[in-house]
Amino acid sequence: MNIRLLLTSAPVDKAEIEEKTVIVIDVLRATTSICAALRAGAKGVIPTAGPGEAGEMRAKLGGDAVVLAGERNGVRIENFELGNSPSEFTADAVEGKYVVMTTTNGTLALSRANKGWKVITAGLVNITKVAEAVGSEDRDLLVVCSGREGHFSIEDTICGGMLIHRLASLRKGELELNDAASLALLLYRTNQSSIRQAISQGEHARFLASIGFERDVEIATEVDSMPVLPILKDGRLVASE
Ligand code: MLT
């Protein structure tokens with residue numbers, strides 16, 4: 001299995017990914033919140049580029065069927081029901097509804113990589129579920145770390161490294177890695193006994209703590225606490241069995 005990891009999201013060539021499974025990671029917080037929404041019974045999460053497109057999607061699907069969620073600069077977008085804290089995605093808020101979501105980095109990364117043979121979202125909260133799903137298939141992977149506004153982020157890279165670590169044991173070591181994937185694996189292995197601490201010291205976690213979202217970092221670093229497999233189907237992330 002060949003694994004190419006991108007340390008930040010960038011437009012990807014359709015020809016490169018149409019035969020690959022793409023895994024998009026945004027630990028803080030989009031791909032954690034996507035798991036939370038699906039676990040709480042949302043029918044699906046529809047990633048959109050911006051608030052305007054999200055509003056159009058609501059008009060198309062009907063107001064009662066949709067909850068708008070997302071952030072800019074970490075805080076809830078005006079006139080949206082939900083922000084991007086995983087704890088907001090309760091059954092009361094989202095059960096039976098589509099969550100139309102727009103975030104600064106996570107949904108952007110998804111839109112850039114949505115032409116993969118299969119597209120899955122991953123965080124620490126569903127890492128084993130994702131590893132088991134892709135580890136049982138003989139298909140090459142593109143792992144996209146969303147990063148932060150074009151820059152490397154420690155939380156997404158550790159998560160990518162953890163995924164590769166899990167795959168190395170599931171597939172008994174037979175992996176071919178690009179240098180970024182090797183770096184992610186090394187970063188994970190160096191920090192594996194103190195993942196939360198390493199992530200909490202990172203730029204994005206410090207920013208979230210500074211605006212009152214410290215608890216979100218704790219939720220996002222609870223490994224395997226939301227074992228759901230979000231797969232993109234017809235533009236919607238749905239929970240796969
Ligand atoms: C993003 O997609 O940029 C993030 O999820 C930002 C955040 O809500 O912390």
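The figures that follow rest on heavy atoms only: side chains count, while hydrogens, waters and symmetry mates do not. Counting starts at 1 for both ligands and their atoms, in listed order. This one's a predicted model, so the numbers in the text were calculated from it and none came from an experiment.
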Q. Yes or no on salt bridge (charged side-chain N to carboxylate O under 4.0 Å, His left out) for Arg206 and Glu203, after CA distance, side-chain angles and deciding distance?
A. CA-CA 5 Å; Arg206 282 187 276 128; Glu203 285 174 61; 5.5 Å; no
Q. Got a donor-acceptor contact below 3.5 angstrom from the Ser194 side chain to the Gln197 backbone?
A. no
Q | Residues Thr104 and Arg148: side-chain donor-acceptor under 3.5 angstrom | A | no
**Q.** Numbering as shown, the atoms of ligand 1 that approach Asn84 to under 4.0 Å (heavy-atom distance)
**A.** 4 (C), 5 (O), 7 (C), 8 (O)
Q.
Looking at ligand 1, is there an atom of it that comes within less than 4.0 Å of some heavy atom belonging to Glu149?
A. no
Q) With atoms numbered from 1 as shown, which atoms in ligand 1 lie under 4.0 angstrom from a non-hydrogen atom of Thr104? A) 1 (C), 2 (O), 3 (O)
**Q.** Gly106: numbered ligand 1 atoms lying under 4.0 Å from its heavy atoms
**A.** 1 (C), 2 (O), 3 (O)
Q | salt bridge (charged side-chain N to carboxylate O under 4.0 Å, His left out) pairs, two or more places apart, involving residues 156-169 | A | Arg166-Asp224
Q) Got the closest protein heavy atom to atom 6 (C) of ligand 1, with its distance? A) Glu71 OE2, 3.4 Å
Q. Do you know which of Leu170, Leu167, Asn2, Leu185 makes side chain to side chain contact (heavy atoms under 4.5 Å, CB included) with Leu175?
A. Leu167
Q: Considering the heavy atoms of Thr103, write down every atom of ligand 1 situated less than 4.0 Å from one of them.
A: 1 (C), 2 (O)
**Q.** ILVMFWY cluster, Val134 and Ile3 together (side-chain gap under 4.5 Å)
**A.** yes
Q) Do you know which two heavy atoms are closest between Tyr98 and Arg236, and how far apart they sit? A) OH-NH1, 3.0 Å
Q: Quick one: look up the protein heavy atom nearest atom 9 (O) of ligand 1 and list residue, atom name and how far away it is.
A: His204 NE2, 2.7 Å
Q. Any idea which part of Leu108 is under 4.0 Å from ligand 1, heavy-atom wise: side chain, backbone, both or neither?
A. neither
(Q) Heavy-atom pairs closer than 4.0 Å: do any link ligand 1 to the side chain of Arg29, the backbone, both, or neither? (A) both
Q: Can you tell me which residue pairs pass the salt bridge (charged side-chain N to carboxylate O under 4.0 Å, His left out) test with a partner in residues 105-122, sequence neighbours excluded?
A: Lys118-Glu137
Q. Taking only heavy atoms of Leu28, which atoms of ligand 1 are found under 4.0 Å from at least one of them?
A. 4 (C), 5 (O), 6 (C), 7 (C), 9 (O)
Q: Heavy atoms only: give me the nearest Val94-Ala37 pair and the separation to one decimal.
A: CG2-O, 3.8 Å
Q: Ignoring angles and geometry beyond distance, decide whether Ala30 reaches within less than 3.5 Å of ligand 1 through its nitrogen or oxygen atoms.
A: yes
**Q.** Enumerated ligand 1 atoms positioned under 4.0 Å from heavy atoms of Leu208
**A.** 9 (O)
Q: Answer yes or no: does an N/O atom from Asp26 fall short of 3.5 Å to an N/O atom of ligand 1?
A: yes
